[in-house]
Amino acid sequence: MPELPEVESVVRSLRDGSPSLVGLRVRSVDMVWPGVFSPLLPDLVPSHLEGCRFAAIARLGKYLVFALDCPGRGSLFLIVHLRMTGRLFLVPESAAIERHTRLALMLDHGLALRFDDPRKFGRVWLADDPETVTGGMGPDSLTVSLEEFAARLAGHRRHLKPLLLDQYFVAGIGNIYADESLFRAGLHPLTNSAGLKPDEALRLHTAIRSVLEEAVAAGGANIDGVFKAGSFIVNVYGRAGAPCRVCGTPISKIRVGQRGTHFCPHCQLPGNMEA
DNA sequence: CACTCTACCTGTGCGC
DNA sequence: TGCGCACAGGTAGAGT
């Protein structure tokens, strides 16, 4: 389940790895599953992409944004969201298309950029301006300032868990890091954002930043037997019934806004939650 | 504005 | 062993 740290890890490996994607030119496009471009008309994709050269790679929330230089048309952006199970990686062009391969871009030097996604949730866009795809998202959760975060919190009257998951509030947090951040902040997931005291808002901001920074440094999360992008060890996500690593109380699991939500009932006191 | 539900998908793991 | 089914979750969109 790629969230901000996992997406950042993909950006870094494609940009800073050897070989780097930056500088490579698209020679041809294999539209293995055209639906990946939905709702764009897939017929138009190859003619837009062929001849374009990868110039830069960035991350906006959970989106990967590839800036391309295209002969005769200037800049173009290829934008990818991995959603639940998408993976993006460089392979030798001769590598076989696999069962879950959805898109392959044939590049210079016998390389190919592959997008594999068993669940078909992941999506790819082409745009002259990435804002047409990512526009409206909140500030990046890795870099948002305390002042802006606190002001945004006060502007809503919602439970903290669904608020953190809302990409229009802050961008980049998913179910794993929402639960981990609330645990580190010592805040119950049903705490109402509008009633947060200044020190609680500070704790939450600090927790989000430190959790995400540690997870980025670790190359993403390592969730026992489920998900293994990197080596970040979770405290609550997926640990229902297991002892809290701080106090030993069994971790609780509830549903909040249709989402599995994990927390320590001792370390994360109900506070100002309603009901 | 806040919420809930549904749809989109398929691999996994459970109970029987 | 095998079957059926709940479950996992990011996001959009519709409905309450």
Side-chain angles (χ1 to χ4, degrees), chain A residues 1-8 10 32-40 42 59-65 79-88 98-103 115-125 127 130-138 140-141 151-182 189-196 212 215 220-229 234 236-241 251 253-263 272-275:
Chain A
M1 304 133 216
E3 303 179 25
L4 185 153
E6 290 77 26
V7 176
E8 180 67 24
V10 173
V32 183
W33 181 61
V36 78
F37 279 98
S38 171
L40 184 79
R59 179 188 59 73
L60 286 176
K62 301 176 197 171
Y63 290 86
L64 292 127
V65 180
I79 299 154
V80 179
H81 198 305
L82 302 173
R83 290 276 170 75
M84 303 295 306
T85 51
R87 292 192 307 133
L88 201 57
E98 292 175 25
R99 172 152 58 138
H100 300 309
T101 301
R102 307 302 176 200
L103 177 69
F115 179 66
D116 288 14
D117 182 19
R119 300 275 278 278
K120 293 185 173 178
F121 272 25
R123 285 294 180 269
V124 182
W125 297 262
E131 279 282 302
T132 60
V133 176
T134 64
M137 273 199 309
D140 197 88
S141 46
R152 285 178 160 263
L153 271 180
H156 292 275
R157 183 175 298 274
R158 296 174 64 183
H159 292 152
L160 289 180
K161 174 67 187 279
L163 190 58
L164 293 183
L165 290 178
D166 185 344
Q167 303 300 297
Y168 292 88
F169 176 66
V170 288
I173 299 176
N175 209 35
I176 297 169
Y177 294 104
D179 284 0
E180 294 301 313
S181 297
L182 288 168
L190 294 178
T191 306
N192 194 296
S193 60
L196 272 198
L212 293 179
N222 180 355
I223 294 164
D224 209 22
V226 180
F227 183 70
K228 45 198 179 298
V234 296
V236 289
Y237 181 84
R239 296 191 68 243
I251 299 300
K253 180 175 183 182
I254 58 175
R255 287 194 86 76
V256 179
Q258 315 299 112
R259 320 299 293 284
T261 297
H262 316 73
F263 67 100
N272 67 343
M273 61 180 274
E274 313 153 353

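Naming: A, B, ... by sequence-line order, numbering from 1 per chain.
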For the backbone of [Y] and the side chain of [X], can you confirm whether one donor and one acceptor N or O come within less than 3.5 Å of each other?
| X | Y | answer |
| --- | --- | --- |
| A:H262 | A:G238 | yes |
| A:D117 | A:F121 | yes |
| A:E6 | A:A221 | yes |
| A:K62 | A:I173 | yes |

Roughly how many Å is it from [atom1] in [X] to [atom2] in [N], rounded to a whole number?
| X | N | atom1 | atom2 | result |
| --- | --- | --- | --- | --- |
| A:D166 | B:dT4 | CG | C1' | 15 Å |
| A:I173 | C:dT11 | CD1 | C1' | 16 Å |
| A:I79 | C:dT11 | CD1 | P | 14 Å |
| A:M84 | B:dT12 | CE | C1' | 13 Å |
| A:K228 | B:dT12 | NZ | C1' | 12 Å |
| A:L160 | B:dA2 | CG | P | 13 Å |
| A:D117 | B:dC8 | CG | P | 16 Å |
| A:E3 | C:dA8 | CD | C1' | 13 Å |

Contact under 4.0 Å: [X] side-chain N or O vs [N] OP1/OP2:
| X | N | value |
| --- | --- | --- |
| A:H100 | B:dT10 | no |
| A:H156 | B:dA2 | yes |
| A:K253 | C:dA8 | yes |
| A:K120 | B:dC8 | no |
| A:R99 | B:dG11 | yes |

- N-O pairing of A:D116 and A:R99 below 4.0 Å: no

- Query: Is it true that A:D166 and A:R158 make a salt bridge, defined as a side-chain N closer than 4.0 Å to a carboxylate O?
  - Reply: yes

Counting only side-chain heavy atoms from C-beta out, which of [options] sits nearest to [X]?
| X | options | result |
| --- | --- | --- |
| A:R157 | B:dA2, C:dT11, B:dC9 | B:dA2 |
| A:P118 | C:dT11, B:dG11, C:dA8 | B:dG11 |
| A:R158 | C:dA8, B:dT6, B:dA2 | B:dA2 |
| A:Q258 | C:dA8, B:dC8, B:dT6 | B:dT6 |
| A:H159 | C:dA8, B:dG11, B:dC3 | B:dC3 |

Classify the nucleic acid contact of [X] as base, sugar-phosphate or nothing, counting any heavy atom under 4.0 Å across all strands shown.
| X | answer |
| --- | --- |
| A:R102 | nothing |
| A:G260 | sugar-phosphate |
| A:K161 | nothing |

- Taking the nucleotide of DNA chain C with the closest heavy atom to each, which residue, A:L165 or A:R255, is nearer the 5' end? A:R255

- Using five base pairs at each end, measure the axis-to-axis angle across the helix from B:dA2-C:dT16 to B:dC16-C:dG2 and round it to 10 degrees. 50°

- Task: List the atom of A:F37, the atom of A:L103, and the distance in Å for their closest heavy-atom pair.
- Result: CE1-CD1, 3.8 Å

- Distance-minimising heavy-atom pair for A:L163 and A:S193: CD2-CB, 3.5 Å

